[in-house]
Amino acid sequence: MITTAQLEAWLQRAAALLDENREYLTELDAAIGDADHGANIARGFSAVAQKLAAQPGQSASALFKTTGMTLMSSVGGASGMLYGNFFLKAAGVVGDQDALRGDELLAALEAGRDGIVQRGRAALGDKTMIDAWTPALLVLKAALAAGQPAATAFRACATAAEQGMRDTLPLQARKGRASYLGERSVGHQDPGATSSYLILRALADTLAAPSEVSKTIS
């Protein structure tokens, strides 16, 4: 079981990791976007971390709802709506319990990913955050179905998200601000896929033993 205390720790860790990589995300977004993804996403998750710290002990549903609403109100640009919708959709498939099975958290993440697709109309291969989320969740689903422990399954999920992130390099963007560049978007890593990977890596790190916690992105 994954407790709501662990879920809160995940979001706190995600906030720290996104802040650590703020400049890296800014550099990626400067190449094919508006150069604001790093600042926006770091600010939004920092607001989430503060809100959760002020309201400890929330149920899984309430925690995800708080996260989604905070991101929508504090993050500028499309990423605020997309990530906010992600957590609101996740909140809709979990109840008021204080712990989730691995498959229940998977269902929440899948609902969140579907919320991003619904809002952004992006598909795998469009050079967006979906290129990290979709392969990651496919690997997670297979790992949990094979009976792997949650820590192992979510580490494999993060590894798949990292590969999906790197696989955006040769793609031509078909959605978002980067799509305006056409072929000039080729050769650049998508910033949304990168922040998605960092969020999933934070989850894997939260569930892992201290010796297994990964380092800053390179």
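The analysis underlying the following values was restricted to heavy atoms, covering all of them including side chains, and did not include hydrogens, waters or symmetry mates. Along the sequence shown, residues carry numbers from 1.
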Legend entry - side-chain contact (heavy atoms from CB on, under 4.5 Å) between Leu109 and Leu203, intermediate numbers included: CA-CA 11 Å; Leu109 297 177; Leu203 177 55; 4.3 Å; yes
Inset, instruction - In sequence, state the C-alpha distance, the side-chain angles, and the governing distance for Thr67 and Leu52, and then conclude on side-chain contact (heavy atoms from CB on, under 4.5 Å). - result: CA-CA 8 Å; Thr67 300; Leu52 295 181; 4.2 Å; yes
Inset, instruction - For Asp205 and Arg155, run salt bridge (Lys or Arg N to Asp or Glu O under 4.0 Å): C-alpha distance rounded to whole Å, both residues' side-chain angles, the deciding distance at 0.1 Å, then the answer. - result: CA-CA 8 Å; Asp205 286 351; Arg155 178 61 67 199; 2.8 Å; yes
Legend entry - side-chain hydrogen bond (donor to acceptor under 3.5 Å, both in side chains) evaluation trace for Gln58 with Thr66: CA-CA 9 Å; Gln58 295 186 71; Thr66 296; 2.8 Å; yes
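Under the 4.5 angstrom side-chain criterion for Ile, Leu, Val, Met, Phe, Trp and Tyr, the cluster partners of Met69 are Met72, Met81, Leu88.
Thr3 places a side-chain N or O within donor-acceptor distance of the main-chain N or O of Gln6, the cut-off being under 3.5 Å. When atom types are taken as modelled, the side chain of Asn21 and the backbone of Leu17 share a donor-acceptor pair closer than 3.5 angstrom. No donor-acceptor pair closer than 3.5 Å links the side chain of Asp98 to the backbone N or O of Ser59. Remark: the backbone N or O of Glu110 is not paired with any side-chain donor or acceptor of Lys89 at under 3.5 angstrom. Judged by distance alone, the side chain of Asp34 and the main-chain N or O of Asp36 form no donor-acceptor pair under 3.5 Å. The closest donor-acceptor contact from the side chain of Asp131 to the backbone of Gly125 lies under 3.5 Å. With hydrogens and angles ignored, the 3.5 Å screen pairs no side-chain donor or acceptor of Thr152 with any backbone N or O of Gln148. In this structure, the side chain of Lys127 does not engage the main chain of Ala193 through any donor-acceptor pair within 3.5 Å. A donor-acceptor pair is defined here as one N or O able to donate and one able to accept, closer than 3.5 Å; no such pair exists between the side chain of Thr4 and the backbone of Ala60.
Among the candidates Leu124, Val117, Ile116, the single residue satisfying the side-chain contact (heavy atoms from CB on, under 4.5 Å) test with Thr134 is Leu124.
Atom CG of Leu82 sits about 11.0 Å away from atom CD of Gln118, to the nearest 0.5 Å. Atoms CG and OG1, on Leu11 and Thr70 in that order, are 10.5 Å from each other to the nearest 0.5 Å. In this structure, CD1 in Ile32 is found 10.5 Å from NE2 in His37, a value given to the nearest 0.5 Å. The distance from atom CZ of Arg22 to atom CD of Glu20, rounded to the nearest 0.5 Å, is 11.5 Å.
For the residue pair Thr194 and Tyr24, no side-chain donor N or O sits within less than 3.5 Å of a side-chain acceptor on the partner.
Using cut-offs of 30° and 60° for the angle between ring planes, the Trp10 and Phe87 rings count as tilted.
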